[in-house]
Trainee: 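Below is the structure I would like to discuss, written out as structure tokens.
Numbered from 1 within each chain, the chains take letters A, B, ... in sequence-line order. Computed from heavy atoms alone, side chains included, the values below leave out hydrogens, waters and symmetry copies. For clarity, every value in this text was computed on a predicted model and none was experimentally measured.
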Number of protein chains: 2
Amino acid sequence: MPGHGHLPRVKRVTIEDVAREAGVGRQTVSRALRDLPEIAPDTRERVLAAASRLGYRPNALAKGMRTQRSDVIALIVSDIANPFYPAVARGVYDAAAAAGCSVVLYNTDADPGRERDALEDALARSARGVVGFFYGLPDDVLAGYARSVPLVVADRQLPPDVAASVSNDFASGTAAAVELLARRPDACLGMLAGPVGVAADERRLAFVAACAAHGLGDVSARIVPGPPTIAGGTAAAHRLLDARPEVNGIFAGNDLMGIGAVQAVLARGGAVPRDCAVVGFDDLELSAYLSPPLSTVRIDKYDHGQTLVRALLADTADRISLPVSLVTRATA
Amino acid sequence: MPGHGHLPRVKRVTIEDVAREAGVGRQTVSRALRDLPEIAPDTRERVLAAASRLGYRPNALAKGMRTQRSDVIALIVSDIANPFYPAVARGVYDAAAAAGCSVVLYNTDADPGRERDALEDALARSARGVVGFFYGLPDDVLAGYARSVPLVVADRQLPPDVAASVSNDFASGTAAAVELLARRPDACLGMLAGPVGVAADERRLAFVAACAAHGLGDVSARIVPGPPTIAGGTAAAHRLLDARPEVNGIFAGNDLMGIGAVQAVLARGGAVPRDCAVVGFDDLELSAYLSPPLSTVRIDKYDHGQTLVRALLADTADRISLPVSLVTRATA
DNA sequence: GTGAAAGCGCTAACAT
DNA sequence: ATGTTAGCGCTTTCAC
């Protein structure tokens, strides 16, 4: 069956064609199309009419070539299939669209090489800017890219004046989760940390600090890392519970790991929260409908995405912290 | 705080610079970079060395301008925050990346105007191709675009030789779901259809046909439309159950609506599946962990995405149908 | 095997 | 208010 490649490529309508059709110069067409002021109203009308008559479509490549920048915003995430990112992506998209920009998506799986590839590609496309979640690249590399392209990093701080960042208030969220988990008199808490990444330490420290503040002693030996997935959460919880059967409260790095932790407790014959309570982080859309409904720290993912783009377009180097809130459901 | 706009724009390293550094002509650099055969091995070495010494980065815009096509694949969905699409998007991304392409994402909310805008933008960017879920645009408009850009549509058929399509086998899935729901002797089924869209009729018809095949009579009056969300499913289920209290089996257009239907049955004081069974469609990652775990028709979303891109790159006008399978859990 | 010239479609700068 | 010139960085075509 013949495909598209066989069709004769229709010659593209250019600004030159429109100019000829309207009986004006190229520049006048360009002005009319971009709605610039220095043009007679009736001339504009005539040009616009000619353009639509011919079915003119601006060539974004040519425009970008001339202006040295394209109306593209790069969104770099570890895995769009992880239910945390889609809502962020929608926020990014809406804010970008409001600014007349398109969005190019990159998945890195938290691999530093692929994070770098994504940045390089954004540069090759003369992206208007990059917003992203970076887990593998060190600060200095990111700082280097920030010199070539406007960059806003999510959930991670870069040195002042290097690049803006938009982070969820992980410290407050962790404190609230620990406070909830620490309510039982015999509380013995553990944590399921996300993948070992550059920003992971901050999170560990927040947990250790919150536990210390509640007189729970040094919990650092009860922090176990794992992939940020349901399976990863299950495996990590089993490891934690194998080593420390006395643990009766688990703080998971994200809801997916929280779900996995619940499954692990159940698989060991325990009940949630009776034998072990679980608190997640993110509040996925479906977390409220789970069995049992998951207690978690809610973050506004859509707002996160929008804020990322707004910070990018605002062209500042601020550190923005987004509020979080504890949602108590059935697992803690 | 000073932002990025204040930094002095570093002059871009071009192919010309590399040529000068390596002491060869521009053309030779281009050949070396693209790994073309007509070049002496040592010349290539020298050029490559010069390029990396200078930190040369190819300009995708310039390349696209010259070749009249960019290595970009447009992915058009209604809403990336709907948990159905992210897995598809990942498949699209991986297949695109394997072919050296980037992906630009568009959200249309199923609005025909925005579907059109997305297509126009893809054209403006000289996209290598477009894959998408179109709910608002009529066949002839899509056919028109298919003449300007390689296009593969998802879950919808276009006339032969116009564009390729990759669809899930909705008919089989519906038949299986109805078979499951029809097992109770007094079965009275209803359907929660997705938004009224161009492809909606095919789905309604599949349901009506499947019910007729099971001797369930004409169910067309028990099909109620609604937004493809949890809230939409709840509302639609309430409307259905208000009008037809005898309904004891609901086939939801997707898992989100299925979750909503379960909530509605529960809110009315009923039990699932005792008073009313529910079967969804999609099998979201979290559907197995819901309360109660949702019975559904599983589709391989990641494969769907990959197949979309492969069909695009293969440049055929085939109609590809993807297999589905029934997953029986607790709601039916 | 290599280099020189031409030009993709657009907009900034400079005329007029 | 409008037209003309130049050139963004690359690849295709054609010389050599």
Trainee: State, yes or no, whether a side-chain contact exists between Ile73(B) and Val309(B) at a heavy-atom distance under 4.5 Å.
Mentor: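 Counting from C-beta outward, Ile73(B) and Val309(B) do come under 4.5 Å.
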Trainee: Does Asp109(A) have any side chain to side chain contact (heavy atoms under 4.5 Å, CB included) partners at least two apart in sequence or in another chain, and if so, which?
Mentor: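 By the side chain to side chain contact (heavy atoms under 4.5 Å, CB included) rule, Asp109(A) matches Asp79(A), Arg114(A), Arg90(B).
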Trainee: Is the side chain of Asp155(B) donor-acceptor paired with the backbone N or O of Asn168(B) at a distance under 3.5 Å, no angle test?
Mentor: yes
Trainee: At the 4.0 Å heavy-atom cut-off to chain A, mark where contacts on DNA chain D begin and end, going 5' to 3'.
Mentor: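 Range of nucleotides within reach of chain A: dA1(D) to dG9(D).
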Trainee: Return the angle between end axes of the helix from dG1(C)-dC16(D) to dT16(C)-dA1(D), with five pairs used per end and rounding to 10°.
Mentor: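 Axis-to-axis angle, ends of the helix: 40°.
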Trainee: Using 4.0 Å as the upper bound for N to carboxylate O, is an ion pair formed by Arg156(B) and Asp139(B)?
Mentor: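 A salt bridge links Asp139(B) with Arg156(B).
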Trainee: With sequence neighbours left out, what residues match Tyr56(A) under ring pair (Phe, Tyr, Trp, His ring centres under 6.0 Å)?
Mentor: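 Residues passing ring pair (Phe, Tyr, Trp, His ring centres under 6.0 Å) with Tyr56(A): none at all.
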Trainee: If the condition is side-chain hydrogen bond (donor to acceptor under 3.5 Å, both in side chains), which residues does Glu45(B) pass it with, not counting sequence neighbours?
Mentor: none
Trainee: Near DNA chain D, which residues from residues 27-34 of chain B have a heavy atom under 4.0 Å away?
Mentor: Gln27(B), Ser30(B), Arg34(B)
Trainee: What pairs of donor and acceptor atoms, side-chain ones from residues 19-29 of chain A against any protein atom, are under 3.5 angstrom apart with sequence neighbours left out?
Mentor:
residue, atom, partner, partner atom, Å
Glu21(A), OE2, Arg53(A), NH1, 2.3
Arg26(A), NH1, Glu16(A), OE1, 3.2

Trainee: Tell me which pairs pass ring pair (Phe, Tyr, Trp, His ring centres under 6.0 Å) where either residue lies in residues 104-133 of chain A, with sequence neighbours left out.
Mentor: Phe84(A)-Phe133(A), Tyr85(A)-Phe133(A), Phe133(A)-His304(A)
Trainee: Tell me, please, which residues at least two apart from Asp300(A) pass salt bridge (Lys or Arg N to Asp or Glu O under 4.0 Å).
Mentor: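 With sequence neighbours excluded, Asp300(A) shows a salt bridge (Lys or Arg N to Asp or Glu O under 4.0 Å) to no residue whatsoever.
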Trainee: With sequence neighbours excluded, what pairs up with Arg310(B) under the salt bridge (Lys or Arg N to Asp or Glu O under 4.0 Å) test?
Mentor: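 Expected list: none.
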Trainee: Atom CD1 of Ile15(A) to atom C1' of dC8(C): distance rounded to whole Å?
Mentor: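 Roughly 14 Å, once rounded to whole Å.
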Trainee: Tell me, with the steps shown, if Arg319(A) and Leu158(A) meet side chain to side chain contact (heavy atoms under 4.5 Å, CB included).
Mentor: CA-CA 9 Å; Arg319(A) 289 180 168 184; Leu158(A) 244 32; over 6 Å; no
Trainee: Name the residue closer to the 5' end of DNA chain C, choosing between Arg26(A) and Ile39(B) according to the nucleotide with the nearest heavy atom.
Mentor: Ile39(B)
Trainee: Taking side-chain hydrogen bond (donor to acceptor under 3.5 Å, both in side chains) as the test, write out the residues that go with Ser30(A), two or more places apart.
Mentor: Arg34(A)
Trainee: How many whole angstroms separate atom CZ of Arg20(B) from atom P of dG3(C)?
Mentor: 14 Å
Trainee: Enumerate the residues from residues 49-67 of chain B whose closest heavy atom to DNA chain C is under 4.0 Å, giving them by residue number; use none for an empty result.
Mentor: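 DNA chain C contact set from residues 49-67 of chain B: Met65(B), Arg66(B).
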Trainee: Tell me if a side-chain donor or acceptor on Glu115(A) pairs with a main-chain N or O of Leu137(A) at a distance below 3.5 Å.
Mentor: yes
